[in-house]
Amino acid sequence: MISHEFDKRLPQLCARAEGEAQPHPQLVQLNEELATELGLDPDWLRSDDGINFLLGRSDEPAHALAYAGFQFGQYNPQMGDGRALLLGEVEANGQLWDLQSKGTGLTPYSRWGSDGRGTLRSMLRECLFSESLHALGIPTTRSLAVISTGRIIQRQYQEEAGVVVRVAASHLRVGTLHLAAQTGDVASVVRWAIERHYPDLDPLDYQGFYRALLQRQASTVAAWQATGFIHGVMNTDNTTLSGQTIDFGPCAFMESYSPDTCFSSIDTHSRYRFGNQPDILAWNLVRAAESMLPLFDDNPNSAIEFAQDCINDYPHTFDAAYRKMLKERLGIDEKLAPAYRHAMETHAPDITHAHLALRDAAQGDRSAIDKLMPNEPFVEQFLDSNPEVPHVPRVIPRPRNVEAALLDLEEYERFLHAVTHPYDACPEYEEPGNLDDYLTYCGT
């Protein structure tokens with residue numbers, strides 16, 4: 001049963017729209033396990049009626065969502081889904097889940113000159129990365145389906161167009177707060193975010209919501225930092241109120257460890273480089289606080305004081321989340337987090353190989369870690385701490401493997417299986433490649 005709660009609760013922040021007719025739509029990828037979890041029939045989704053539903057061309061009303069956003073630090077007061085449609089929500093496991101199709105054509109919020117479409121490669125890429133993060137235990141939106149449309153579009157060169165259908169705890173974002181604040185509706189957005197994502201809070205506990213948002217987003221980005229994931233476009237419209245990772249345009253996984261790693265072709269000043277992600281999250285959360293100030297306290301000075309206290313405490317919040325992540329994922333004692341970062345920056349090893357070598361060292365085999373980090377004090381400190389043997393991934397979406405998979409659907413299926421079973425040995429996908437001049441693109 002599909003519901004349309006966003007339209008009921010926040011009609012001022014969405015607009016009815018319909019997906020465009022597609023020349024020859026075909027289902028390329030279907031996540032049957034996820035479909036079943038959501039109570040959707042995989043066989044029906046494969047049918048003509050099911051594909052039309054996924055493309056926003058059924059009797060169910062679809063909506064494009066409106067929001068604002070700080071993009072690379074510059075405020076855009078009126079944005080929205082220019083090529084995406086919220087198909088509705090389904091209830092599963094006691095909560096609502098959004099179904100959204102991306103690449104379905106023009107909407108009321110499309111920018112001038114846009115065609116509302118996307119490349120099939122970019123949609124397969126989103127599926128690959130979102131499902132990889134899910135397998136790694138990182139909060140993320142999911143991919144339900146990828147559909148080829150039978151249409152050829154022009155980007156860097158002519159490519160086949162496609163649509164990805166993603167599943168999210170919601171599509172409420174910091175950018176939603178910005179737009180709602182402009183119209184005086186920010187309280188209604190926060191109340192619904194609390195109901196959907198923080199049900200233990202009182203619906204009017206706006207201060208509690210903001211603290212919880214800081215904590216949840218800090219945990220998500222800390223997980224990125226512990227695995228080498230670089231989002232690539234951390235605009236406030238891509239910072240969710242649920243804490244899930246969203247939008248996998250120019251993202252990539254780092255290989256050789258460096259805080260300055262940046263692959264995004266549109267991030268010309270490396271604003272969203274790997275080492276800057278925690279600080280950018282803080283910047284985005286400050287922007288969220290600005291949109292919420294009237295909710296924090298009737299007294300403006302008290303509202304600002306509360307927000308400032310939260311932001312002042314953010315470095316401690318993030319550091320605690322990061323140390324906890326290193327402990328859980330790598331067995332690194334929380335006191336050794338600074339030494340770990342220093343060792344990684346000093347030796348610049350492949351991050352995944354280094355984590356595997358630490359695991360081997362904890363089991364008594366130091367050969368790999370001594371090659372990657374010769375004469376490194378951190379290694380001795382790590383082993384002296386009697387670490388629990390960490391369970392670390394062997395397979396991540398390495399750039400060269402990603403690019404190869406996007407050129408061949410059979411290879412794509414093999415690689416998708418590997419990255420969604422990241423703890424299993426798969427030697428063909430475990431070696432780093434040559435990343436000189438490697439760039440990622442949005443596909444918009």
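Numbering of residues begins at 1 and proceeds along the displayed sequence. Just so you know, these numbers come straight off a predicted model, no measurement behind them.
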Please check if the distance between the ring centroids of H231 and Y272 is under 6.0 Å. no
Rounded distance (nearest 0.5 Å) linking atom CG of D350 with atom CE of M344: 8.0 Å
Heavy-atom distance under 4.5 Å between the side chains of E255 and P399, does that happen here? yes
One pair to check against ring pair (Phe, Tyr, Trp, His ring centres under 6.0 Å): Y423 and H391. What are the steps and the verdict? CA-CA 8 Å; Y423 301 99; H391 188 47; 4.3 Å; yes
Other residues, nucleotides, ligands: >12 heavy atoms within 6.0 Å of D309 CG: yes
Ignoring hydrogens and angles, tell me if any N or O in the side chain of W97 forms a donor-acceptor pair with the backbone of L38 under 3.5 Å. no
Looking only at atom types and distance, does a side-chain atom of E376 sit under 3.5 Å from a main-chain N or O of T346, one as donor and one as acceptor? no
So if I apply the ring-ring contact (aromatic ring centres under 6.0 Å, His included) rule between F274 and each of F229, W224, F253, Y257, which one comes out positive? Y257
Are Y429 and F415 an aromatic pair, judged by ring center distance below 6.0 Å? yes
If I take atom CZ from residue R329 and atom NE2 from residue H355, how far apart are they, to the nearest 0.5 angstrom? 10.5 Å
Is there a side-chain contact between L120 and T149 (heavy atoms, below 4.5 Å)? no
Minimum heavy-atom separation for E131 and N31, please, with both atom names. OE1-ND2, 3.1 Å
One should read off an interatomic distance between M373 CE and H347 NE2, to the nearest 0.5 angstrom, of 6.0 Å
What verdict does the salt bridge (charged side-chain N to carboxylate O under 4.0 Å, His left out) test give for E403 and R400, after you've listed the backbone C-alpha separation in whole Å, the side-chain angles of each residue and the deciding distance to 0.1 Å? CA-CA 5 Å; E403 298 306 321; R400 69 181 179 90; over 6 Å; no
Quick test of your reading of the model: are D115 and R155 salt-bridged, counting only N-O distances below 4.0 Å? yes
Please report the closest heavy-atom contact between A226 and I351, naming both atoms and the distance. O-CD1, 4.5 Å
Are there more than 12 heavy atoms of other residues, nucleotides or ligands under 6.0 Å from atom CD of E428? yes
When you measure from the side chain of T440 to the backbone N and O of P250, does any donor-acceptor pair fall under 3.5 Å? yes
Do E159 and R121 touch side chain to side chain, with heavy atoms closer than 4.5 Å? yes
Examine distances only and state if a side-chain atom of S148 and a backbone atom of G150 form a donor-acceptor pair shorter than 3.5 Å. no
Under a 3.5 Å distance rule, please check whether S132 uses its side chain to pair with a backbone N or O of L128 as donor and acceptor. no
With a 4.5 Å cut-off on side-chain heavy atoms, are L172 and V189 touching? yes
Is there side-chain contact between W192 and S170, with heavy atoms separated by less than 4.5 Å? no
Looking at every non-hydrogen atom in both residues, tell me the closest pair between V233 and N238 and how far apart they are. O-ND2, 3.0 Å
Does CD belonging to E388 count more than 12 external heavy atoms closer than 6.0 Å? no
Side chain E89, main chain F6, donor-acceptor under 3.5 Å: yes
Using the test ring-ring contact (aromatic ring centres under 6.0 Å, His included), find all partners of Y75 that sit at least two apart in sequence or belong to another chain. F70, H178
Nearest heavy-atom neighbours spanning L55 and S101: N-OG, 4.4 Å
Do L96 and V90 touch side chain to side chain, with heavy atoms closer than 4.5 Å? no
Among side-chain atoms of D365 and S367, is any donor-acceptor pair under 3.5 angstrom? yes
Has R271 got its NZ or CZ under 6.0 Å from the middle of the six-membered ring of W283, at an angle within 45 degrees of the ring axis? yes
May I ask you to say whether K102 pairs ionically with E126, meaning some side-chain N is under 4.0 Å from a carboxylate O? yes
Report the distance from atom CZ of R341 to atom CG of L336, rounding to the nearest 0.5 Å. 11.5 Å
If we ignore hydrogens and angles and just use 3.5 Å, is the side chain of T240 paired with the main-chain N or O of G243 as donor and acceptor? yes
Any non-hydrogen side-chain atom of L241 less than 4.5 Å from a side-chain atom of F209? yes
Please report the C-alpha distance between V165 and Q100 in whole Å, then the side-chain angles of each, then the deciding distance to 0.1 Å, and finally whether the side-chain contact (heavy atoms from CB on, under 4.5 Å) criterion is met. CA-CA 5 Å; V165 184; Q100 187 199 59; over 6 Å; no
Hey, what do you get for CG (N235) to CD (Q74), rounding to the nearest 0.5 Å? 10.5 Å
Applying side chain to side chain contact (heavy atoms under 4.5 Å, CB included), can you list everything that pairs with H421, at least two apart in sequence or on another chain? H417, D424
Does R366 come within less than 4.0 Å of D370, counting only side-chain N to carboxylate O? yes
Using a 3.5 Å distance criterion without hydrogens, assess whether the side chain of S110 forms a donor-acceptor pair with backbone atoms of G82. yes
If every non-hydrogen atom of A68 is compared with every non-hydrogen atom of L179, which pair is closest and at what distance? N-CB, 3.8 Å
Assess R216 against Y198: is NZ or CZ under 6.0 Å from the centre of the six-membered ring, and within 45 degrees of the ring's axis? yes
Can a salt bridge be assigned to the pair E334 and K324 using a cut-off of 4.0 Å between side-chain N and carboxylate O? no
Has E33 got more than 12 heavy atoms of other residues, nucleotides or ligands less than 6.0 Å from its CD? no
Is the backbone of P77 close enough, under 3.5 Å, to the side chain of Y67 for a donor and an acceptor to pair up by distance? no
Chi angles and distances behind the side-chain contact (heavy atoms from CB on, under 4.5 Å) call for H171, I246: CA-CA 9 Å; H171 284 82; I246 195 171; 3.8 Å; yes
For D98 and R196, run salt bridge (charged side-chain N to carboxylate O under 4.0 Å, His left out): C-alpha distance rounded to whole Å, both residues' side-chain angles, the deciding distance at 0.1 Å, then the answer. CA-CA 11 Å; D98 284 6; R196 290 190 71 166; 3.0 Å; yes
Can you tell whether the side chains of E20 and R117 come within less than 4.0 Å, N to carboxylate O? yes
As a quick check of understanding, evaluate side-chain contact (heavy atoms from CB on, under 4.5 Å) for M292 and R287, giving each step before the final call. CA-CA 9 Å; M292 290 182 61; R287 306 288 81 77; over 6 Å; no
Test your reading of the model: is there a side-chain donor-acceptor pair from R173 to the backbone of D237, 3.5 Å cut-off? yes
Hey, could you give me the OG1/CG distance between T239 and N284, rounded to the nearest 0.5 Å? 4.0 Å
Heavy-atom closest pair, residues R125 and G249: NH1-O, 2.9 Å
4.5 Å side-chain heavy-atom contact, S130 and T245: no
Salt-bridge test for E160 and R151: reply yes if a basic N is under 4.0 Å from a carboxylate O, no otherwise. no
I'd like to know whether L45 forms a side-chain contact (heavy atoms from CB on, under 4.5 Å) with I51, so could you lay out the CA-CA distance, the side-chain angles of the two residues, the decisive distance to 0.1 Å, and finally the verdict. CA-CA 6 Å; L45 291 175; I51 291 175; over 6 Å; no
